[in-house]
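In what follows, chains carry the letters A, B, and so on, assigned in the order in which the sequence lines appear, proteins first and then strands, with residues in each chain numbered from 1.
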Protein chains: 2
Amino acid sequence: MKEKGKKITIYDVAKAAGCSTATVSLVLHNDKRIKEETRNKVRECIKTLNYKPSYLARSLAIQRTQSIGIIVPEMTNPVFSELVHGAEGYLSQNGYNVIIGSTNQDLDKEKLYLDMLSGKKVDGLIILPTFLSEIEDKLKDMQAMHFPFVVTGVKSSMKNVNYVSTNKVEGAFIGVEHLIHRGHKNIAFVRGSEVEEHSSERLEGYIKALNVYGIPFREDYIIKSRQDFSDVREKVRGFKKEHPEVTALFCLYDFIAMAVMKALYDLKLSIPKDVAVVGYDNIQLGEYLPVGLTSIDGNNYKVGEIAARILVNQITSDAEEIQHIILTPKLVIREST
Amino acid sequence: MKEKGKKITIYDVAKAAGCSTATVSLVLHNDKRIKEETRNKVRECIKTLNYKPSYLARSLAIQRTQSIGIIVPEMTNPVFSELVHGAEGYLSQNGYNVIIGSTNQDLDKEKLYLDMLSGKKVDGLIILPTFLSEIEDKLKDMQAMHFPFVVTGVKSSMKNVNYVSTNKVEGAFIGVEHLIHRGHKNIAFVRGSEVEEHSSERLEGYIKALNVYGIPFREDYIIKSRQDFSDVREKVRGFKKEHPEVTALFCLYDFIAMAVMKALYDLKLSIPKDVAVVGYDNIQLGEYLPVGLTSIDGNNYKVGEIAARILVNQITSDAEEIQHIILTPKLVIREST
DNA sequence: TTGTAGGCGTTATCAT
DNA sequence: ATGATAACGCCTACAA
């Protein structure tokens, strides 16, 4: 056991093994040029000294970290964690390890992570922005310095930036269309507490579907709330009493749909007989609700995978062309409709 | 990235501003010693050159990263993400940023992250191990080199290692006790597909409760499965047909409880009239199920926070005493019992 | 097969 | 108030 505080470096190993740091370095990388004998000697010293190389110093020297960063708003949301999971799969396949920075929807943190990670802590970045418009400057800077990154999880307004995403307008459209096909005319949109930026596309799809099928859009059919769970539950109860004619609820995402369903149970209403419910995201849990939840699947796993592929390609092949990939969501029908 | 544009360093800024790198560095850190005039000049050059400091080089120089790593089995599990969230709160309060390494329950990845992050990429580590016994060696190494870390999320068998955790034996005990108080005698334990290591404590608590109340333990009341969701659902259906006398199910965790509830609905049974269900972890969703789920709350947010506090304390004050903290879980009663 | 030495981008200690 | 320059720990031509 070493003296406290004294960190042991490649130099210590070299001294102990009676060779140069270069030799130790080569042994560390299993270079065949080193004689069996010296190699063993070095390995022995590494063991007994309990030497661990500094990835920091190594990265600085080789100008590469072999790790890529993912910036996410929060990991409690299954949509994000699925996406991350998809990216991780591809990346670790390809020799990269993944570092996640969770911003908790905090703009300063988002900026900080952007700076930190692009400051060479990682070789590239997959960004799921919470505040896309506020970080455009930083993205431009990153582009200017040719730091590889891809944006995902939102519609990027920057035309010259890599991004992969899903068509949420289309997703909402097929969800509402499905409701219409089921005979519903009075369909409300439960928007929860989500910010404009992350709900506008789905709202657009909702309105589009109504238009296409000649159903007038009513502003008062949009249910907003302050928080996602308890407040939605309350608001929906109130809404349904005021609007008994409404027989279907399209929800911004599955968690909201769960709160909505809870509210309907509170009112002793049956799903889908009295009211039909459609969610968005198709989280795994939806299948295990007592009444399985019909939902829109954005295939987030795939989104993550594709983002990772684009990123790795850009890093390794120095490709410069911008890629925009938009996947089309699928309707998953269960008992709630 | 490549020859596209040479990466611009603090040296370039110094040259452009007609001063030394030392001066630039001082400006970068808002040191008051620098004359207003030069400071502005330097800032201007930084802007126009679009200079971003290398956190890598900086960390190497100051021997500190101001970031701490959290190694988790997976982020899709709310238990882990809550814990991480708790840690993040405390850490960012205290000027650290957090880097998450998700191992996806892969031993090699777990080892890799351990090496990487302790290789000075971070100043300290919070570890939620999947394979505690397999990484003990690495933990010992880290101790030997005085690298700060704390283990959590499991019972650590290493007596001389920091860890904070919850008493899952106790948690399961109060869950099963609650069921017994409700008049149940025949209580099954739904174990799902979880590995021995992560279910043994709760099993112990289950058995203990039975013993205390004079109920014989039956091996065939333990329901195992291959996967967590669809398989549990199937297995529970089969089990309930074979054992109609069983009126209560204690589940290893809430997700399993959800699959269990689904199975009971499949059988047209009512909860809690026909069968009572208790989960574990008290995930937020439990409240929003049509029949609210009674569960055990381990206060994982707090666990993460405490782990973070211990870690920071160890880093900053060089404290050497080992800390073992065990929180006691609470019963949260809802409609399922 | 192995050693020498310069470089990676910052910081920090002396000087000036 | 600012500048030189030696660390920080490792890699890698280029030598030997």
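A close approach under 4.0 Å does not occur between any side-chain nitrogen or oxygen of A/Thr21 and OP1 or OP2 of D/dC10. For D/dG9, the OP1/OP2 oxygens have a side-chain nitrogen or oxygen of B/Gln63 closer than 4.0 Å.
A/Glu88 and B/Asn104 share a side-chain donor-acceptor pair at under 3.5 Å.
Residues of residues 35-60 of chain B having a heavy atom closer than 4.0 Å to DNA chain C, listed by number: B/Tyr51, B/Lys52, B/Pro53, B/Ser54, B/Ala57, B/Arg58.
The nucleotide whose nearest atom lies closest to any side-chain atom of B/Thr9 is, among D/dT12, D/dG3, C/dG9, C/dG9. Residue A/Ile62 has its side chain nearest to D/dT12 when only C/dT2, C/dT11, D/dT12 are considered.
For residues 107-136 of chain B, the set of pairs meeting the salt bridge (Lys or Arg N to Asp or Glu O under 4.0 Å) definition, not counting sequence neighbours, comprises B/Asp115-B/Lys138.
Between A/Asp31 atom CG and D/dC10 atom P there is a gap of 18 Å when expressed in whole angstrom units. Rounded to an integer number of Å, the gap from CD1 of A/Ile10 to P of C/dT4 is 14 Å. Between A/Leu28 atom CG and D/dC11 atom P there is a gap of 6 Å when expressed in whole angstrom units. Taking atom CG of residue A/Asp12 and atom C1' of nucleotide D/dG9, one finds them 11 Å apart after rounding to whole Å. When the P atom of D/dC11 is taken as reference, atom CD of A/Gln66 falls 13 Å away, rounded to whole Å. B/Ile34 has its CD1 atom 13 Å from the C1' atom of C/dA12, to the nearest Å. Between the CZ atom of B/Arg64 and the C1' atom of D/dG9 there is a distance of 17 Å, given to the nearest Å. A/Lys32 has its NZ atom 18 Å from the C1' atom of C/dT2, to the nearest Å.
In this structure, the side chain of A/Tyr96 does not engage the main chain of A/Gly69 through any donor-acceptor pair within 3.5 Å. Using a distance-only test at 3.5 Å, with no hydrogens or angles considered, a donor-acceptor pair links the side chain of A/Thr103 to the main chain of A/Val72.
If you find the closest nucleotide of DNA chain D to B/Arg33 and to A/Ser25, the one lying nearer the 5' end belongs to B/Arg33. In this structure, B/Ser20 and A/Ala22 both approach DNA chain D, and ranking their closest nucleotides by distance from the 5' end singles out B/Ser20.
Counting only heavy atoms from C-beta outward, the side chains of B/Asp137 and B/Ile135 never approach each other to under 4.5 Å. Two residues are said to be in side-chain contact when any heavy atoms from C-beta on lie closer than 4.5 Å; B/Val161 and B/Phe149 meet this criterion.
Residues passing the side chain to side chain contact (heavy atoms under 4.5 Å, CB included) test with B/Asn162, sequence neighbours excluded: B/Val150, B/Ile310, B/Gln314, B/Ile322, B/Gln323.
B/Gly18 comes within contact range of the sugar-phosphate backbone alone, with a heavy-atom separation under 4.0 Å but no base atom that close.
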